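The structure appears below as structure tokens.
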Protein chains: 2
Amino acid sequence: MPTERATLAEELLRGAGLRSTAPRRAVLEVVLGTPHASSGDIAGQLARAGRATSRQSLANVLDDLTGAGLLRSTQPAGSAVRYEARVGDEHHHLVCRGCGTVVDVECAHGAPPCLLPAGDPGFPVVERAEITWWGRCAECAGSPAR
Amino acid sequence: MPTERATLAEELLRGAGLRSTAPRRAVLEVVLGTPHASSGDIAGQLARAGRATSRQSLANVLDDLTGAGLLRSTQPAGSAVRYEARVGDEHHHLVCRGCGTVVDVECAHGAPPCLLPAGDPGFPVVERAEITWWGRCAECAGSPAR
DNA sequence: CGCCGTGTTTTGACTCCGTCAAGAGAAGGT
DNA sequence: ACCTTCTCTTGACGGAGTCAAAACACGGCG
């Protein structure tokens, strides 16, 4: 299965017009396998797999992949930026206040901005709505607040 | 007007059961006058007014005021935490991608979570929905992206 | 086949924001 | 007036992101 993901990563990169380099493939494979990973999570996985990269490279790669539309980023309040490879739709996120786990939530509308502000927004351009729900996952439903 | 805001701050603090101290009044006055200010913004204003406080004190005060329900915090992706004194409703925010300006958007529903995830959320508890719209303010409607 | 230019990665230093820990100081009750 | 408790300050630290510049690798061209 690493092979499957490896060739998938390769194809995705070429399809986006990016050079298929080792760090890019490695990062993309990690995000494909671990949605909502932070840059720290990714660095950890890469290091454990013997494919460590510098912080700066990781940042470059994540920027490149995001810019090319292969990744999407999201940043729940209080958290580092998280990356996911699910880019084909306008889904949203539900975050656990206890452990920080993020799960995807289908968007009821589909097309951005997917929801319009009530009343006059005050800005001439409104491109996108981002909805974050906060709650508690099954494991954290017992008390301790964050 | 500083006087008005000063006595208002005093009343708010006492009403919330907090001691009315100089740093708390000062911070509250700044946030009353500058909604969506970051801790850095607040520190700057305090310093310019000759009422500088340490970073730690500022953090303490902001935590206390937020915990007492006098302030609400929000953190648009890529920004520092921002504070506002509008705590009576469940409004949302519209953020300019160019300059970071934040404006309030009325909530069409009113009561939290104000919007429910479509389909099975996956968590047993969903307390709150937070909606952030991204766009461009009048001044930034000309090109440069962020 | 080998050179060269562009795109990619690495290194190292730095900033910003937030937090931990512990001591100094002020407020209010008895 | 004293003492307990809350509040504020100081100083050190860590995580996450960024800037700048040097090293490297790929791929086209001569």
Side-chain angles (χ1 to χ4, degrees), chain A residues 9-10 12-14 16-31 36-47 49-68 70-71 73-83 100 102 145-146, chain B residues 9-10 12-14 16-31 36-47 49-68 70-71 73-83 100 102 145-146:
Chain A
E10 177 107 31
L12 287 170
L13 286 166
R14 310 210 101 97
L18 293 178
R19 284 190 192 167
S20 170
T21 67
R24 286 177 178 172
R25 284 191 301 271
V27 170
L28 191 43
E29 287 165 34
V30 169
V31 178
H36 313 123
S38 68
S39 103
D41 297 336
I42 298 168
Q45 286 200 39
L46 292 177
R51 310 206 264 178
T53 62
S54 66
R55 202 159 26 133
Q56 183 66 57
S57 291
L58 184 50
N60 287 345
V61 168
L62 289 170
D63 276 3
D64 293 343
L65 299 187
T66 303
L70 294 179
L71 297 183
S73 69
T74 179
Q75 186 178 26
S79 152
V81 177
R82 290 156 180 273
Y83 296 88
V102 177
R146 183 169 79 172
Chain B
E10 176 109 32
L12 287 170
L13 286 165
R14 309 211 101 96
L18 293 177
R19 287 188 189 169
S20 169
T21 66
R24 285 178 180 173
R25 285 190 301 272
V27 169
L28 192 43
E29 286 165 34
V30 169
V31 179
H36 312 123
S38 68
S39 102
D41 297 336
I42 298 169
Q45 286 201 38
L46 292 177
R51 311 206 263 178
T53 62
S54 65
R55 202 164 21 142
Q56 182 66 57
S57 291
L58 183 50
N60 287 344
V61 168
L62 289 170
D63 275 1
D64 294 342
L65 298 187
T66 303
L70 294 179
L71 296 184
S73 69
T74 179
Q75 187 179 23
S79 153
V81 177
R82 290 156 180 273
Y83 297 87
V102 177
R146 185 171 77 172

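This one's a predicted model, so the numbers in the text were calculated from it and none came from an experiment. Lettering of chains follows the sequences in order, A, B, ..., and the numbering in each one begins at 1.
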With rounding to the nearest 0.5 Å, note down the distance linking CG in A:L28 to CG in A:L71.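 That separation rounds to 6.0 Å.
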CG-CZ distance between B:L12 and B:R25, expressed to the nearest 0.5 angstrom: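 Between atom CG of B:L12 and atom CZ of B:R25 there are 12.5 Å.
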Taking all atoms of both residues into account, what is the closest heavy-atom pair of [X] and [Y], and its distance?
{"X": "A:Y83", "Y": "A:T66", "value": "CE2-OG1, 3.7 Å"}
{"X": "A:P76", "Y": "A:R82", "value": "CD-CD, 3.9 Å"}
{"X": "A:S39", "Y": "A:L58", "value": "O-CD2, 3.3 Å"}

Does A:V61 form a side chain to side chain contact (heavy atoms under 4.5 Å, CB included) with A:T53? I'd like the steps, not just the answer. CA-CA 10 Å; A:V61 168; A:T53 62; over 6 Å; no
Tabulate atom names and distances for all N/O pairs under 3.5 angstrom spanning the protein and nucleotides 15-19 of chain D.
from, atom 1, to, atom 2, distance (Å)
D:dA16, N7, A:R55, NH1, 3.4
D:dG17, OP1, A:V81, N, 3.3
D:dG17, OP2, A:S39, OG, 3.2
D:dG17, N7, A:R55, NH1, 2.7
D:dG17, O6, A:R55, NH1, 2.6
D:dG17, O6, A:R55, NH2, 3.0
D:dC19, N4, A:Q56, OE1, 2.2

With a 4.0 angstrom cut-off to heavy atoms of chain B, pull out the first and last contacting nucleotide of DNA chain C, in 5'-to-3' order.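 Result: C:dC17 to C:dA27.
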Measure all distances between protein nitrogen or oxygen atoms and nitrogen or oxygen atoms of nucleotides 4-7 of chain D, and list the pairs falling under 3.5 Å.
from, atom 1, to, atom 2, distance (Å)
D:dT7, OP1, B:R24, NH1, 2.9
D:dT7, OP1, B:R24, NH2, 3.0
D:dT7, O5', B:R24, NH2, 3.3

Any side-chain donor-acceptor pair under 3.5 Å between A:N60 and A:S57?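 No, A:S57 and A:N60 have no side-chain donor paired with an acceptor closer than 3.5 Å.
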Derivation of the side chain to side chain contact (heavy atoms under 4.5 Å, CB included) call for B:L18 and B:L65: CA-CA 9 Å; B:L18 293 177; B:L65 298 187; 3.9 Å; yes
Can you tell me if A:R24 uses its side chain to pair, donor with acceptor, with the backbone of A:R19 under 3.5 Å?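 Present.
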Look only at the side chain of B:E10 and the backbone of B:S20, and say whether a donor-acceptor pair between them is shorter than 3.5 Å.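 No; judged by distance alone, with no hydrogens or angles, the pair does not exist.
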Side-chain N or O of B:S57 less than 4.0 angstrom from OP1 or OP2 on D:dC8?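 No, no such contact exists.
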